[in-house]
J.: 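Before we start, here is the structure in question, set down as structure tokens.
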Amino acid sequence: MTHSPHVVTVTAENFQSVVIEGSFERPVLVDFWADWCAPCKMLMPMLAQLADSYGGRFLLAKVDTEAEQELAAQFGIRSLPTVQLFKDGNAVDQFMGALPESQVREFLERHLPRASDGLLEQAQSLMAGGDLQEARALLEQAREEDPDNARLHLAEVQLTAAQGDTTKALADIASLPIELASDPEVLALLGRLRFASAAQEALSEAELSARLAADPKDSQARYQLAAHKVLGGDYASALEHLLELMKRDRAYEDDAARKGMLAIFDLPEVSNELIAHYRAKMMSALY
């Protein structure tokens, strides 16, 4: 195999620097192989060729599992070849076996940065700053240049939500590409949209608080007040209301209290300490 700047052999000594730290700069595809493994020998040249054809958009790191048995055990390698993709310090996806090139390309395209990603990031920053018109212009440019970018669809839903059309945003999020179904950004957005929908249909916080004071068993008022608290950034109060609702009326709106707590846990701005505290309370109430 000819030398390539995009292919490197890694060992236990340099795995941290090459794979873990390196994956913060670009995705690292780690090929766990062995000399006795015939499918490995079929897959490896194709992976090296792809690393070159992608021009450095990812680094191919080869791990000889016979020489690096502890490293293979550390990452749970039980069959060969196993190929894991690392991003931002973590293994985010993997495949096993000598897949055909078309399937490996499909695997890579789910994770590799695209030229239009920069436009999407700029658009999201503009949305956060309230400049929705300029954000829309950038999304239209991205759609023209790279309509197959799955994250473009997410950004368009985010724009719809930022414009205040919660109903349409909820409908659109259900039709996002399947590979985004468990994406943290999608889960966080879905949670916010559901709380926004509940708050839009509700009375004011003051009126809901008065209803609860008059009747602590008013499940609707408690859930809607929690939704207001989420939108206002008061996650501790929201979680407290949802926990109380879960204890009092688990069946309310198909277990909405528990699902609401889980949705808050998915929000990136919620502290780990608050999540740990209320996750423990939730589990104690459940069991």
Side-chain angles (χ1 to χ4, degrees), residues 117 119-136 138-140 142-143 149-205 207-208 219-246 249-272 274-275 278-279 282:
D117 287 344
L119 292 173
L120 300 186
E121 290 177 5
Q122 293 177 51
Q124 288 170 324
S125 295
L126 288 167
M127 286 183 228
D131 190 347
L132 303 187
Q133 184 174 352
E134 186 62 27
R136 175 177 290 281
L138 287 177
L139 293 185
E140 290 173 353
R143 175 164 287 283
N149 189 338
R151 302 201 72 78
L152 169 63
H153 306 293
L154 170 59
E156 290 173 335
V157 177
Q158 291 171 326
L159 178 62
T160 300
Q163 292 171 326
D165 194 342
T166 302
T167 301
K168 185 177 187 305
L170 277 169
D172 289 346
I173 205 170
S175 61
L176 286 173
I178 189 65
E179 61 265 30
L180 292 178
S182 59
D183 185 281
E185 272 191 278
V186 173
L187 294 175
L189 177 59
L190 181 59
R192 289 191 183 95
L193 287 172
R194 285 173 173 166
F195 285 122
S197 179
Q200 283 177 355
E201 301 168 356
L203 299 171
S204 68
E205 284 192 55
E207 291 170 312
L208 291 170
S219 296
Q220 182 188 55
R222 192 174 294 280
Y223 182 79
Q224 292 178 339
L225 183 56
H228 276 299
K229 296 296 185 183
V230 169
L231 298 181
D234 187 354
Y235 302 112
S237 294
L239 286 165
E240 193 63 39
H241 279 298
L242 291 172
L243 178 67
E244 183 65 21
L245 176 56
M246 192 182 77
D249 188 2
R250 178 74 186 276
Y252 175 75
E253 292 292 328
D254 191 24
D255 204 12
R258 183 186 64 84
K259 292 176 181 177
M261 293 183 75
L262 294 175
I264 294 174
F265 296 160
D266 283 331
L267 298 178
E269 65 270 25
V270 180
S271 71
N272 291 332
L274 192 65
I275 292 173
Y278 276 97
R279 192 183 295 278
M282 182 182 76

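Bear in mind that the values here come from a model prediction, so they are computed numbers and not experimental data.
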J.: With Q158, which of Q163, M127, R192 fulfils side-chain contact (heavy atoms from CB on, under 4.5 Å)?
T.: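 Going through Q163, M127, R192 one by one, the side-chain contact (heavy atoms from CB on, under 4.5 Å) with Q158 is satisfied by M127 alone.
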
J.: Looking only at heavy atoms, what is the nearest atom pair of G191 and A263, with distance?
T.: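 Heavy atoms of G191 and A263 come nearest at CA-CB, 4.0 Å.
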
J.: Search all heavy atoms of A227 against all heavy atoms of A198 and return the closest pair with its distance.
T.: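 Result for this residue pair: CB-CB, 3.9 Å.
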
J.: Where do A142 and L120 come nearest, in terms of heavy atoms and distance?
T.: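 Shortest heavy-atom contact: CB-CD2, 3.9 Å.
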
J.: Within a strict 4.5 Å, meaning less than it, do heavy atoms of the Y278 and E240 side chains meet?
T.: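 When only atoms from C-beta onward are counted, E240 and Y278 do touch, with a gap below 4.5 Å.
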
J.: If the threshold is 4.0 Å, N to carboxylate O, is there a salt bridge linking D183 and R151?
T.: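 Looking at R151 together with D183, the answer is yes, because their closest N to O distance falls below 4.0 Å.
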
J.: Can you check whether L154 reaches L189 side chain to side chain, under 4.5 Å on heavy atoms?
T.: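 Yes; the side chains approach each other to less than 4.5 Å.
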
J.: Check whether more than 12 heavy atoms from other residues, nucleotides or ligands sit under 6.0 Å from atom CD of E269, and answer yes or no.
T.: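 Check passes, neighbour count above 12.
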
J.: Mind running side-chain contact (heavy atoms from CB on, under 4.5 Å) on M282 and L262 for me, showing each step along the way?
T.: CA-CA 10 Å; M282 182 182 76; L262 294 175; 3.8 Å; yes

J.: Ignoring hydrogens, what is the shortest heavy-atom contact between P177 and H153? Give both atom names and the distance.
T.: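 Nearest pair, atom of P177 first, then H153: CG-CD2, 3.7 Å.
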
J.: Exactly one of H228, Q224, K229 should register a side-chain hydrogen bond (donor to acceptor under 3.5 Å, both in side chains) with E205. Which one does?
T.: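 Going through H228, Q224, K229 one by one, the side-chain hydrogen bond (donor to acceptor under 3.5 Å, both in side chains) with E205 is satisfied by K229 alone.
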
J.: Nearest 0.5 Å, what's the CZ-CE distance between R258 and M246?
T.: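 If we round to the nearest 0.5 Å, R258:CZ and M246:CE are 8.5 Å apart.
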
J.: Measure the spacing between CG of L208 and CZ of R222 and express it to the nearest 0.5 Å.
T.: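 Rounded to the nearest 0.5 Å, the CG-CZ separation comes to 11.0 Å.
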
J.: Given E156, which of K168, R136, R143 fulfils the salt bridge (Lys or Arg N to Asp or Glu O under 4.0 Å) condition?
T.: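 Of all the options given, the one that passes is R143.
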
